[in-house]
A.B. asks: 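Attaching a single structure in structure tokens format; questions to follow.
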Amino acid sequence: MVAFAGCSIALGVSLPSTPSPEYLARLNPEQRAAVETLDGPLLVLAGAGTGKTRVLTTRFAHLLMTGRAQPHQVLAVTFTNKAAREMRERLGAILNRPVEGLWLGTFHALAARMLRRHAELVGLTASFTILDTDDQTRLLKQVMEAEGVDLKRWPPNGLMGIIQRWKDRGLTPDRIPVAESSDYANNRAEKLYAAYQARLIALNACDFGDLLLHVTEILRTNPEVLASYHRLFRYILVDEYQDTNLVQYLWLRLLAQGHKNICCVGDDDQSIYSWRGAEIENILRFERDFPGAQVVRLESNYRSTRPILAAAAGLIARNEGRLGKTLRPGRADASGERVRVVSLWDSEEEARMVGGRIEEARRDGVQLGEIAVLVRAGFQTRAFEERLITLAIPYRVFGGAKFYERAEIRDAIAYFRAMSQPADDLAFERIVNTPKRGLGDTALASLHKLAREQQMPLRIAAERLCQTDALRPRPRAALRELLENLTRWNAGLEKEGHVVIAAQVLEESGYIEMWKNDRSIESAGRLDNLKELVRAMGDFATLGAFLEHIALVMENDDNAEGQKVSIMTLHAAKGLEFDMVFLPGWEEGLFPSQRSLDEGGAKSLEEERRLAYVGITRARKHCVISHAANRRIYGNWVSSIPSRFLDELPEGEVLREGGVTQQPRMPSSVFSAGLPLSSQRRPRVIEAGAWEVDQRPERERAFARGARVFHQKFGYGRVLDVDDDKLEIEFEKAGVKRVLDRFVEPA
DNA sequence: CTATGGAATCTTTTT
DNA sequence: GATTCCATAG
């Protein structure tokens with residue numbers, strides 16, 4: 001079997017018996033129990049800030065150090081790439097060397113890796129393509145059109161949601177229970193699902209949900225494959241177990257049947273992704289699912305002050321369906337100020353309040369990187385952005401448009417996919433007439449017709465079509481040239497390397513030329529993005545590795561340089577922590593969200609409450625919750641009452657400021673409160689109260705062409721053109737953009 | 001085929 | 001209020 005002692009010698013560390021090694025000595029007793037309970041199923045209930053990641057990584061290291069397993073015999077699953085990376089790094093730090101050959105990654109990345117090994121068992125080849133959401137929707141739309149569904153009445157996104165939820169639950173088209181068949185499109189959902197799946201196989205492609213679905217299907221129908229993984233994985237580690245969906249659970253359970261050494265770490269109180277298919281029941285049911293399971297609770301919180309913990313605990317105690325656990329302050333300095341609840345007249349006053357307090361905190365020496373504004377919904381960020389811009393406070397909004405979602409990047413990738421994957425119709429379709437080659441509706445229609453009749457990929461059909469005279473000479477020549485190029489580029493991959501070919505593709509296809517000729521303001525930025533894309537490809541050994549990366553690791557590679565206030569949604573904030581946290585918009589309808597309540601009732605209310613709990617527990621020292629009586633939503637003013645969650649906070653732990661009946665008041669209190677001169681440089685009429693008619697400030701500061709300006713987000717630039725209050729500016733870093741003049745200041 | 005305008009939509013989004 | 005998609009005209 002395995003050379004137990006050999007492993008630890010190979011790692012260059014002596015066997016830990018007594019005295020216990022340093023990495024264990026740093027743990028508290030409960031953490032230590034979680035690390036040292038190695039045999040059988042184990043659930044670690046890790047409250048917010050109780051050292052979950054440390055436990056997980058130490059446990060992994062401990063398995064290796066004690067010789068219980070070789071690195072490749074441990075399956076370690078996370079939800080995010082970030083979490084996987086962190087675990088890998090910290091593991092390396094404990095072991096004092098980089099670790100290779102691990103089965104450590106996200107559910108999706110690990111499933112993809114397994115699926116590539118057994119792709120043919122579900123009708124795919126090892127080089128299948130992973131589609132992003134955009135491709136998915138387009139494909140589904142095509143399927144629906146082919147089936148004659150009225151897309152007006154039945155939006156594709158609705159069906160996409162239904163299919164995804166089926167996939168989340170491990171339901172292949174033939175497994176949908178009769179009672180489940182949705183009445184979508186006159187009971188055709190099931191049929192459309194089957195057609196969609198068939199198309200995916202024909203394209204040699206997978207959507208995200210398929211990765212887990214296919215692999216689970218393979219494991220459940222191929223005992224010999226399952227057995228091979230049982231032999232391989234002696235131990236299984238799972239992070240964020242409360243967020244697993246049913247198919248992920250099934251996958252884990254199949255794999256754990258072998259050695260039964262499965263350790264799941266999670267917190268039922270932080271389950272906030274039910275709308276994505278996560279089933280909190282998975283964690284609540286753990287002890288029944290895995291007989292003989294042990295449970296360890298981590299309840300010592302090392303992050304937050306006592307009042308913050310007490311406020312969070314009081315709130316979450318209102319939930320019914322929970323395993324129950326109480327966070328204890330673990331810090332020595334566990335006193336601290338009470339949580340503040342601030343009542344305001346409207347959303348703009350709320351933004352001013354937050355901005356003012358951030359300035360105050362900055363003066364008191366708080367680092368901006370230690371401050372966060374956490375909102376329920378994306379549209380709320382705007383008000384804070386605008387406020388921070390006028391106050392000249394650097395900030396960063398998380399979760400904006402992603403690099404790989406931009407049109408030019410997706411086009412470029414489509415070229416690479418079309419080149420290397422002849423069956424990838426979606427990619428081929430995307431680039432066949434981009435840039436314009438004169439292949440219009442008529443040409444594409446005959447192409448589609450042939451492909452459908454002959455059951456062949458578009459690219460092959462195109463080859464055939466070129467040999468006939470079905471097309472007029474001009475489109476035929478254009479199509480032929482494209483096909484020859486694709487073949488030629490692909491042939492050059494081996495010899496030239498993918499980076500050279502990539503540059504060649506973009507140049508020779510005329511794609512670069514297309515943007516050079518584009519006179520819109522973004523074109524310069526797009527060309528830069530393409531350059532960056534080609535550069536980034538150099539970090540990967542092969543084109544395939546690169547494509548896998550962008551499909552599974554859609555990361556925002558924005559540089560986190562400098563101290564900046566973080567603005568993000570509550571969902572995005574899970575797992576993070578800050579000294580000072582603002583939680584604005586606690587109003588009925590917004591938080592808890594009305595839509596969520598409408599859809600999910602009491603269960604959803606509990607999830608919203610967990611979201612509130614997540615928000616409060618992000619704070620280390622200061623937590624400021626606020627609500628406004630009036631709020632601007634999508635252009636119109638809406639009045640609302642304070643969130644019920646505010647009433648649920650334990651009275652003794654909070655400090656309430658301002659009354660709900662508060663009248664609109666002049667901003668003097670905020671404005672003269674000793675703000676730094678920089679923020680007062682340009683007083684704006686809008687300060688006088690936003691419920692009045694919009695009074696645009698007179699053009700006291702019209703920018704002239706050629707003027708040098710500064711923008712909070714884009715940095716320094718030069719004004720190219722002026723159109724009323726809109727400026728066209730060439731930024732040194734960000735390229736040419738159109739911005740409103742109130743967002744820039746003279747440099 | 002492209003350009004323009006009107007209408008529809010707007011919670012959260014680890015992969 | 002702002003963006004994005006689709007239909008219609010040119």
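Note on naming: letters A, B, ... go to the chains in the order of the sequence lines (proteins, then strands), and numbering restarts at 1 for each one. Keep in mind the model is a prediction, meaning the values are calculated, not measured.
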A.B. asks: Counting distance alone, no hydrogens or angles: does the base of B:dT15 have a donor or acceptor under 3.5 Å from a partner atom on the side chain of A:R276?
C.D. replies: yes

A.B. asks: Rounded to the nearest Å, what distance is computed from the OH atom of residue A:Y634 to the C1' atom of nucleotide C:dA2?
C.D. replies: 10 Å

A.B. asks: Measure the distance from CG on A:N157 to P on C:dC6 and round it to the nearest whole Å.
C.D. replies: 10 Å

A.B. asks: Quickly work out the A:R382 CZ to C:dG1 C1' distance and round it to whole Å.
C.D. replies: 7 Å

A.B. asks: Taking any heavy-atom pair under 4.0 Å as a contact, classify A:E608: base, sugar-phosphate, or nothing.
C.D. replies: base

A.B. asks: Any base atoms under 4.0 Å from A:D243, or only sugar-phosphate, or nothing? Heavy atoms, all strands.
C.D. replies: base

A.B. asks: Could you check whether A:T569 gets within reach of a base, just the sugar-phosphate, or nothing at all, counting any heavy atom under 4.0 Å?
C.D. replies: sugar-phosphate

A.B. asks: At under 4.0 Å between heavy atoms, what does A:Y273 touch on the DNA or RNA strands: base, sugar-phosphate, or nothing?
C.D. replies: base

A.B. asks: Nearest whole Å is fine: how far is B:dT14 P from A:F79 CZ?
C.D. replies: 13 Å

A.B. asks: Would you mind classifying the nucleic acid contact of A:G209 as base, sugar-phosphate or nothing, using non-hydrogen atoms under 4.0 angstrom?
C.D. replies: nothing

A.B. asks: Does C:dC5 have OP1 or OP2 under 4.0 Å away from a side-chain N or O of A:K141?
C.D. replies: no

A.B. asks: We want to know whether A:Q136 and A:Q164 form a side-chain donor-acceptor pair, criterion being a heavy-atom distance below 3.5 angstrom.
C.D. replies: yes

A.B. asks: Does A:S593 reach a base, just sugar-phosphate, or nothing at all? Heavy atoms under 4.0 Å.
C.D. replies: base

A.B. asks: Of A:N433 and A:T106, whose closest DNA chain B nucleotide lies nearer the 5' terminus?
C.D. replies: A:N433

A.B. asks: Centre of A:F398's six-membered ring, under 6.0 Å away, within 45 degrees of the axis: is that where NZ or CZ of A:R396 sits?
C.D. replies: yes

A.B. asks: Examine the base of B:dT12 for any acceptor or donor lying under 3.5 Å from a partner atom in the side chain of A:R376, and report the outcome as yes or no.
C.D. replies: yes

A.B. asks: Do NZ/NE/NH1/NH2 and the carboxylate oxygens of A:R276 and A:D168 come within less than 4.0 Å?
C.D. replies: no

A.B. asks: Would you mind reading off the distance between A:R610 atom CZ and B:dT12 atom P, rounded to a whole angstrom?
C.D. replies: 19 Å

A.B. asks: Using a strict threshold of under 4.0 Å (side-chain N to carboxylate O), is an ion pair present between A:D135 and A:R138?
C.D. replies: yes

A.B. asks: Would you indicate what A:L439 reaches in the nucleic acid, counting non-hydrogen atoms under 4.0 angstrom: base, sugar-phosphate, or nothing?
C.D. replies: sugar-phosphate

A.B. asks: Can you spot which of A:T617, A:T569, A:T80, A:V614 makes a side-chain contact (heavy atoms from CB on, under 4.5 Å) with A:K574?
C.D. replies: A:V614

A.B. asks: Do the side-chain N or O atoms of A:N81 get closer than 4.0 angstrom to the phosphate oxygens (OP1, OP2) of B:dT15?
C.D. replies: yes

A.B. asks: DNA chain B: A:T80 or A:K436, which has the more 5' nearest nucleotide?
C.D. replies: A:K436

A.B. asks: Whole Å only: how far is the CG atom of A:N245 from the C1' atom of B:dT12?
C.D. replies: 17 Å

A.B. asks: Could A:R631 and A:D346 be called an ion pair, given the rule that one side-chain N must be under 4.0 Å from one carboxylate O?
C.D. replies: no

A.B. asks: Nearest to the side chain of A:L552, heavy atoms from C-beta on, is which of B:dT12, B:dT15, B:dT14?
C.D. replies: B:dT15

A.B. asks: Report yes or no: is the ring centroid of A:W275 under 5.5 Å from the six-membered base ring centroid of B:dT12, with the two planes under 30 degrees?
C.D. replies: yes

A.B. asks: Between P on B:dT13 and CZ on A:F107, what's the gap in Å once rounded to a whole number?
C.D. replies: 20 Å

A.B. asks: Categorize A:G378 for me: base, sugar-phosphate, or nothing, with a 4.0 angstrom heavy-atom threshold over every strand shown.
C.D. replies: sugar-phosphate

A.B. asks: Figure out the CG/P separation between A:D132 and B:dT14, and round it to whole Å.
C.D. replies: 13 Å

